[in-house]
Each structure stands twice: as C-alpha cells, then as structure tokens.
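Have a look at the structure below before the remarks.
Order of listing sets the numbers, starting from 1, for every ligand and every atom in it.
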Amino acid sequence: MHKILVIGALGQLGSELIEALRRLHGEDNVVASDLREPTIKNGLFEQLNVLDKQALEAIVNKYGVTRIYHLAAILSAKGESDPKFAWDLNMNSLINVLEIAKEKKLDRIYWPSSIAVFGPNTPRENTPQHTIMDPNTIYGISKLAGERWCEYYHEKYGVDVRSLRYPGLIGYKAKPGGGTTDYAVDIYYKALEEKRYTCFLKANSYLPMMYMEDAVSATIELMQAEEHSVKIRSSYNVGALSFSPKDIAESINRHIPGFQIDYDPDFRQAIADSWPSSIDDSAARNDWGWQHSFDLDKMTKTILQGLKSQVTI
Ligand code: NAD
Ligand code: AKB
C-alpha cells in the first residue's frame, strides 16, 4: 500500500494524473497539494508552498507519505519573464523533495523533465537520449540541472527517483500554465468558440507532442516498473507525436469545416526553434515498454468531443 503526495496537483498535468492515481491506489491514499486553493473540494488536499521544506515534511509525516510526484514548476515562456524566480522555484523545490526522500527513505520519487533540456546545437530530428544539451531558456537550464540532481541523489544516496522528458502535453481538462507548446491546447478552445485562431508560432514549427492520457500512462508505467529496468536515472526521452500548427489546424478542419488559422509569431518562436522536432525514445521503449496510443487525429477527435460538453459554443 503506497501513500502518495502529488505536488502541483492543480496544474495541467496534475489535475489528470491525480484522477488516474486515485483510480489505481484508492482515494484515501493520494493527497493532492498545490500553492493555490482548490476550486472544487475533491479528495485529500493540502495547500503547500513546496519551497517551505518544514511544511512539506509535516505533510509527509501527517499522511505517512511513501511516494512523491513533484510536478510544480515554472514553464518555458513564463520562466523568461522572471528567470531568477523560475530558477529558485524549479531548483529549490526539487532539492527539498530529494532531501526529504533521502532523510525519510521514501520509496519512490517522480519528477518531470522536458524536451526543453535540449538546445540550438542539439540534433533536431529524432533527438537521441544522449546528445549535445545546451538549453538557452532558464526553464531548460533548470530542467537539465534537475536531471543531474536526480541522478546524483540516486547514485550517492540510493534515492529511487524517476523522470521523463515530456514533449508538449495536450489535454483539455485544465488550461496550460505558460509553456511554448500551449498553442496546441488553446487552438482547440478557439476552434470551438470562434472558429479561428491566431497562433504565436509559425505554420511549419514542428515540435514533439503527446496527448495527456499517454503522458499519464507513461508516468504511471515508469513508476510501476521494476527498479532494475529503470536504467536511466537522469530522465528518459519519451515521444509520441510530431506536428506543426499547420498540421493541427488541418486535423481540426476535418471536424470543424471553415476553421481558420493565422500566424503572428512572438518570442516563443525562438524557444520552439531551439527545441527538437521529434524524439528518439527507444531507451524508454526497450527498458520498460513505453508505447503511445494517440495519433494526431485520434487526439483531435477526443479533445473536441470532450470540450463540446464543457464549452458554450
Ligand atoms: P502547470 O503550470 O499547469 O502546473 C504547475 C502547478 O504547480 C500549478 O498548479 C501551480 O499552482 C503549482 N505551483 C507553482 N508553484 C508552487 C509552489 N511553490 N508550491 C506548490 N505548488 C506550486 O504545469 P504542468 O503543465 O502541469 O507541468 C507539470 C510538470 O510537468 C512541470 O514540472 C513541467 O515542467 C513538466 N512538463 C510539462 C509539460 C507540459 O507540456 N505541460 C511538458 C514538459 C514537462
Ligand atoms: C513548455 O512549453 O514549456 C512545456 C514543455 C515542453 O516543457 N510544455
């Protein structure tokens, strides 16, 4: 029986991951926590600033937490507006979690990395697991440093910490929190509400992407894998889709005829240009059996159906 704490549970990923973890481990075994107050009271919840190590430790003690999923972070686009704050949050929160895992001998830790660890000199297509990494956003720099901290705590202290380098995650149940790949979520809302969308990236900007249900599966599968099969302790490349704004617009057009997209690239274009367009995730597929199940059209159909019940058209 595991007692699980999810930090950053009200975010885009957390709000879907928490549902899956509660289905798997039971409502009473999964505690959600976030800096923000919950909008709806649902299940165990603790308001927490993860930078407050004592408060984090008190929650771990209160519930007898054995596993932590630490999701709180400032993402790529938002990070550029206050790099020092993004660095402080992304680094110090991870170190707090790793220290508590070491001190309390926690069973397992999950911490997500990102394709943002790659940079302008990284091979863009089919980006290998091990390659040149010279990120030039503060978010990417913090994720790369975080990967090194994770491997360090595993090597030096035996902390069983596991990590995935997610591509852009696309879900419709929660709005994204300030990333460069957010256009691929916003576009669906605008398609239904206004039948048009102005994209902040260029038409042919290819990026690696993944539907949220696949991201949740990958996370849970990695956390359930036998310890010996988790051979990479920095972070695993995981891939699923690679598409451009033009491709996603065409996919939406098949369901919403007359949908129009135009392009007005901003500072996020330079971030997108520094990232891979597709990912070689053969290590994840070989080591613990990663497989994705959503292609672009299946994702579009699922999101539009899901949103139709939420959005007033
Ligand atoms: P998000 O911004 O939607 O959610 C982050 C949550 O953390 C928010 O609910 C926020 O209130 C909370 N938070 C912020 N500061 C906090 C603090 N001091 N203490 C406690 N909680 C705090 O982010 P997300 O999209 O859900 O991403 C989750 C994780 O996955 C992040 O680490 C992110 O870097 C990583 N990731 C996400 C994507 C993506 O496309 N969404 C891609 C790659 C990696
Ligand atoms: C972002 O765009 O910042 C995130 C990510 C790829 O890490 N979606």
Side-chain angles (χ1 to χ4, degrees), residues 5-18 31-39 45-53 55-56 59 68-82 85-86 88-94 96-97 110-118 127 135 137-144 146-147 150 163-186 200-201 205 207-212 214-216 218-219 235-242 267-272 274-277 279:
L5 173 65
V6 181
I7 302 169
L10 299 181
Q12 194 203 0
L13 170 63
S15 48
E16 299 207 32
L17 181 63
I18 204 103
V31 183
S33 71
D34 203 286
L35 190 61
R36 293 182 279 154
E37 279 184 46
T39 41
F45 184 88
E46 294 280 345
Q47 201 165 1
L48 168 73
N49 181 351
V50 63
L51 293 175
D52 182 344
K53 186 171 176 245
L56 171 59
I59 293 173
I68 298 179
Y69 290 70
H70 170 35
L71 311 180
I74 300 291
L75 277 72
S76 59
K78 201 170 163 191
E80 294 306 292
S81 63
D82 191 346
F85 176 69
D88 283 346
L89 174 65
N90 294 2
M91 283 296 83
N92 293 329
S93 65
L94 174 61
N96 281 349
V97 170
Y110 179 76
W111 172 82
S113 184
S114 162
I115 53 159
V117 293
F118 299 114
T127 300
T137 61
I138 197 64
Y139 174 66
I141 294 169
S142 70
K143 287 293 183 188
L144 180 54
E147 290 189 6
C150 288
S163 177
L164 299 173
R165 288 175 185 152
Y166 294 128
L169 304 182
I170 305 154
Y172 66 91
K173 295 183 182 167
K175 293 272 178 92
T180 302
T181 58
D182 292 7
Y183 88 84
V185 177
D186 299 342
F200 57 75
L201 296 184
S205 257
L207 286 168
M209 299 280 192
M210 185 182 284
Y211 183 53
M212 191 59 84
D214 275 335
V216 167
T219 308
S235 191
Y236 275 97
N237 278 7
V238 275
L241 314 172
S242 168
F267 73 100
R268 289 168 280 194
Q269 185 63 53
I271 300 179
S274 76
W275 288 353
S277 58
I279 290 290

At less than 4.0 angstrom from any non-hydrogen atom of [X], what atoms of ligand 1 do you find?
{"X": "Ala73", "value": "31 (C), 32 (O), 34 (O)"}
{"X": "Ser114", "value": "43 (C), 44 (C)"}
{"X": "Gly8", "value": "6 (C), 7 (O), 12 (C)"}
{"X": "Pro167", "value": "40 (O), 42 (C), 43 (C)"}
{"X": "Ser113", "value": "43 (C), 44 (C)"}
{"X": "Asn49", "value": "17 (C), 18 (N), 19 (N)"}
{"X": "Pro112", "value": "29 (C), 30 (O), 32 (O), 35 (C)"}
{"X": "Gly168", "value": "40 (O)"}

Spacing of [atom1] belonging to [X] relative to [atom2] belonging to [Y], to within rounding of 0.5 Å:
{"X": "Met212", "Y": "Gln12", "atom1": "CE", "atom2": "CD", "answer": "4.0 Å"}
{"X": "Ile170", "Y": "Tyr211", "atom1": "CD1", "atom2": "OH", "answer": "10.0 Å"}
{"X": "Leu13", "Y": "Leu169", "atom1": "CG", "atom2": "CG", "answer": "6.0 Å"}
{"X": "Thr219", "Y": "Leu71", "atom1": "OG1", "atom2": "CG", "answer": "8.0 Å"}

For atom 34 (O) of ligand 1, which of Tyr69, Tyr139, Phe85 has the closest heavy atom?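 When every heavy atom of Tyr69, Tyr139, Phe85 is considered, Tyr139 comes closest to atom 34 (O) of ligand 1.
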Nearest candidate to atom 6 (C) of ligand 2, where distance is taken over non-hydrogen atoms, out of Gly178, Ala116, Ser114: Ser114
Any sub-3.5 Å donor-acceptor pair from [X]'s side-chain atoms to [Y]'s backbone N or O?
{"X": "Asp214", "Y": "Met210", "answer": "no"}
{"X": "Asn237", "Y": "Ile279", "answer": "no"}
{"X": "Ser242", "Y": "Ser277", "answer": "yes"}

Under a 4.0 angstrom heavy-atom cut-off, which atoms of ligand 2 come close to [X]?
{"X": "Thr180", "answer": "1 (C), 2 (O), 3 (O)"}
{"X": "Ser76", "answer": "1 (C), 2 (O), 3 (O)"}
{"X": "Leu75", "answer": "3 (O), 4 (C)"}

Would Trp275 count as a polar contact of ligand 2, with the cut-off being nitrogen or oxygen pairs under 3.5 Å? no
Would you check whether Tyr166 has a nitrogen or oxygen atom less than 3.5 angstrom from a nitrogen or oxygen atom of ligand 2? no
For [atom], find the nearest protein heavy atom and state the residue, atom name and distance (0.1 Å precision).
{"atom": "atom 2 (O) of ligand 1", "value": "Gly177 CA, 3.6 Å"}
{"atom": "atom 8 (N) of ligand 2", "value": "Thr181 OG1, 2.8 Å"}
{"atom": "atom 21 (N) of ligand 1", "value": "Leu35 N, 3.3 Å"}
{"atom": "atom 43 (C) of ligand 1", "value": "Tyr166 CB, 3.4 Å"}
{"atom": "atom 28 (C) of ligand 1", "value": "Leu71 O, 3.3 Å"}
{"atom": "atom 11 (O) of ligand 1", "value": "Asp34 OD1, 2.6 Å"}
{"atom": "atom 26 (O) of ligand 1", "value": "Leu13 N, 2.8 Å"}
{"atom": "atom 23 (O) of ligand 1", "value": "Leu75 CD1, 3.6 Å"}
{"atom": "atom 3 (O) of ligand 1", "value": "Gln12 N, 2.8 Å"}

Looking only at non-hydrogen atoms, find the nearest pair between Leu5 and Ile59 and report the distance.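 For Leu5 and Ile59, the tightest heavy-atom pair comes out as CD1-CG2, 3.9 Å.
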Closest contact, heavy atoms only, Gly171 versus Glu16: CA-OE2, 4.0 Å
Could you go through Glu147 and Ser163, starting from their C-alpha distance and side-chain angles, then the distance that decides it, and tell me whether this counts as side-chain hydrogen bond (donor to acceptor under 3.5 Å, both in side chains)? CA-CA 8 Å; Glu147 290 189 6; Ser163 177; 5.6 Å; no
May I ask you to check if ligand 1 and [X] share an N or O to N or O distance below 3.5 Å?
{"X": "His70", "value": "no"}
{"X": "Lys175", "value": "no"}
{"X": "Leu169", "value": "yes"}
{"X": "Gly11", "value": "yes"}
{"X": "Val50", "value": "yes"}

What verdict does the side-chain contact (heavy atoms from CB on, under 4.5 Å) test give for Phe85 and Ile74, after you've listed the backbone C-alpha separation in whole Å, the side-chain angles of each residue and the deciding distance to 0.1 Å? CA-CA 9 Å; Phe85 176 69; Ile74 300 291; 3.8 Å; yes
Between Ile74 and ligand 1, which residue portion shows a heavy-atom distance shorter than 4.0 Å: side chain, backbone, both, or neither?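 For Ile74, no heavy atom sits under 4.0 Å from ligand 1.
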Proximity of Arg165 to ligand 1 by residue part, where a heavy atom lies under 4.0 Å: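 Neither; nothing of Arg165 gets under 4.0 Å from ligand 1.
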Crowding at NZ, Lys53 (>12 non-hydrogen neighbours, <6.0 Å): yes
Criterion side-chain contact (heavy atoms from CB on, under 4.5 Å) against Ile7, the qualifying member of Leu35, Val31, Ile68, Asn96: Ile68
Can Ser205 and Gln269 be counted as having a side-chain donor-acceptor contact under 3.5 angstrom? yes
Does any non-hydrogen side-chain atom of Ser114 lie less than 4.5 Å from one of Arg165?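 Arg165 vs Ser114: side chains apart.
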Does a side-chain heavy-atom distance below 4.5 Å link Tyr166 with Ser113?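 SC-SC contact between Tyr166 and Ser113 ruled out.
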From CA spacing to verdict: side-chain contact (heavy atoms from CB on, under 4.5 Å), Leu164, Tyr110: CA-CA 9 Å; Leu164 299 173; Tyr110 179 76; 3.5 Å; yes
Begin from the C-alpha positions of Thr180 and Ser76 and carry the test side-chain hydrogen bond (donor to acceptor under 3.5 Å, both in side chains) through to its verdict. CA-CA 6 Å; Thr180 302; Ser76 59; 2.8 Å; yes
